[in-house]
Structure formats: C-alpha cells, structure tokens
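What follows is a single structure, written as structure tokens, with notes after it.
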Amino acid sequence: MRSVFCMSTHSFSARRALQAQPNAAHMLLAKLSVPKYLKIVAPAAKSFHLITQNVDGLSVAAAKSLDCQLSSNQARSNYARADSIIQMHGSLFDIRCTNCGHTVQDHSNPLCPSLGTADSLVDNYVDAGLKQVNLDVEDLPRCSLCGALARPGVVWFDEKPYELDKINGLIFKADLCLVIGTSSTVRAGG
Ligand SMILES: [Zn+2]
C-alpha cells in the first residue's frame, strides 16, 4: 500500500535533540527537585514540580545527570525526583500507538529505515519546515502490542496537552509559580 505521508521535521528535531546536552538552566531546575537543595532556597516548600512545554527531554536528562553526580551512598531523598517533571507536550523519544496508546521510549535515529530515507530528503529543505514525502505505510513504525501504526509521543496542534488535570491541581495548590522562557500563548493554526 502506497501513501502520501506529510513528513514533518520530527526526525530532524529528534536528531538535533539527541546531540544536545542540558544547559546550566536545566541543571539548576533539576537541583530544585532534590529536597536538600530545595530546602536551601525555599525552606518551607514541601514539593517542587517542573512543567515543561519542551519535547527535547533535556529536563529529564538533567535530572538523570544530577543523580549520577550525587554520591550513590546518599539517601534516596537526596536524589532528583523524576516524577517532579511533567512533559506536558510529550517527548520526541516517546513512540505512542495510535490505537491502544502503548508508549515506549526509543532513542534510535532514524526509528526505521524508511524514515531514514525521508530524513535525507528533508535534510536540506528549509523553506517551510514541512515537505511531502512518499512513504510506504507498511514500512512505518508499529506498536509492539497491537500492530497499529505508532506515532511520535508529542502533542500536535489541536491536541490536548498531557496531564492537564494534574497540572491544574498543582497550579492551584502552588504558593509560587515561576514562568520561564515562554509567553504561555499559542498561535492559532491557519
Ligand atoms: Zn497498540
């Protein structure tokens, strides 16, 4: 079966994200998820949550990197709390089933040979960041549980961000909310 598939720059973005490293800001925010550091800047704080719109996984990578830096003989409470990070727009490295929702992490790039071929066609295409590429549907990634087509585990336009109820609950309970690097506005699609 042949299909015209509208290839976004997802693979290109994933490749760039794979090459990126957490910066000082990622590391500082990761430190706030470690109780002993949080107590220094906010002694009365009971918890800290980072809600990120980024899909590059760098906030999670920063937390993991911080854990590696902390001595293994420290109490577990002195580690970065992975559950303190909510990636509300998903992650480029999550692959989600379009049918059953089964999600796996996959850092391979390309995800499959056909997407590697598509990558080479869009590598030098910079006009609009979007290009139509003919792909064989049979060659696209599939869910390992039900066999349906899989897709990037990121939120596309007109889709609802992940964990909105949890985020709303956290915001209403928070004593302090820092908004960093975003206007929190979205351009309406054309
Ligand atoms: Zn499935």
Side-chain angles (χ1 to χ4, degrees), residues 1-22 26 30 33 49-65 67 79-123 125 128-171 182 184 186-190:
M1 180 178 167
R2 199 85 183 156
S3 170
V4 176
F5 182 72
C6 194
M7 175 70 189
S8 76
T9 55
H10 167 263
S11 295
F12 179 66
S13 302
R15 192 163 66 235
R16 288 178 61 195
L18 276 170
Q19 293 165 350
Q21 296 295 321
H26 294 111
S33 74
H49 286 86
L50 171 62
I51 301 163
T52 179
Q53 296 178 310
N54 295 335
V55 295
D56 52 25
L58 289 174
S59 295
V60 175
K64 287 180 179 169
S65 168
D67 277 348
Y79 279 55
R81 289 185 46 231
D83 65 349
S84 70
I85 301 170
I86 299 173
Q87 299 179 100
M88 66 184 295
H89 288 167
S91 166
L92 283 170
F93 306 112
D94 283 348
I95 307 302
R96 184 158 55 90
C97 176
T98 55
N99 177 48
C100 72
H102 178 60
T103 301
V104 294
Q105 281 200 347
D106 192 330
H107 284 71
S108 56
N109 192 51
L111 284 173
C112 61
S114 65
L115 289 179
T117 305
D119 274 355
S120 64
L121 294 172
V122 298
D123 257 356
Y125 189 84
L130 203 68
K131 181 179 173 64
Q132 283 195 332
V133 179
N134 288 323
L135 290 179
D136 203 327
V137 170
E138 302 305 321
D139 292 337
L140 293 175
R142 297 269 166 181
C143 173
S144 59
L145 292 185
C146 74
L149 276 173
R151 53 163 283 185
V154 297
V155 174
W156 287 333
F157 276 108
D158 293 330
E159 292 180 339
K160 218 167 108 177
Y162 298 123
E163 303 197 63
L164 271 187
D165 289 342
K166 182 177 178 182
I167 291 169
N168 283 333
L170 289 169
I171 289 172
T182 176
S184 294
V186 178
R187 263 186 306 178

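Nothing here was measured: the structure is a model prediction, and the numbers come from that model. Both counts, for ligands and for their atoms, begin at 1 and track the order of listing.
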Inset, instruction - Could you tell me which non-hydrogen atom of Gln53 sits nearest to which non-hydrogen atom of His89, and how far apart they are? - result: O-ND1, 3.3 Å
Inset, instruction - List in chain and number order the residues that pass ring-ring contact (aromatic ring centres under 6.0 Å, His included) with His107, two or more places apart in sequence or in another chain; answer none if no residue qualifies. - result: Phe93
Legend entry - Leu149: partners by side-chain contact (heavy atoms from CB on, under 4.5 Å), with sequence neighbours left out: Thr98, Val137, Leu140, Arg142
Inset, instruction - Could you pull out the N/O/S protein atoms under 2.8 Å of the Zn ion (ligand 1), ignoring any water? - result: Cys97 SG, Cys100 SG, Cys143 SG, Cys146 SG
Inset, instruction - Using the side chain to side chain contact (heavy atoms under 4.5 Å, CB included) rule, take Ile86 and Tyr162 through it: C-alpha gap first, then chi angles, then the decisive distance, then the call. - result: CA-CA 8 Å; Ile86 299 173; Tyr162 298 123; 6.0 Å; no
Inset, instruction - Measure the spacing between NE2 of His26 and OG1 of Thr52 and express it to the nearest 0.5 Å. - result: 7.0 Å
Legend entry - Contacts of Gln21 that satisfy side-chain contact (heavy atoms from CB on, under 4.5 Å) - sequence neighbours left out: none
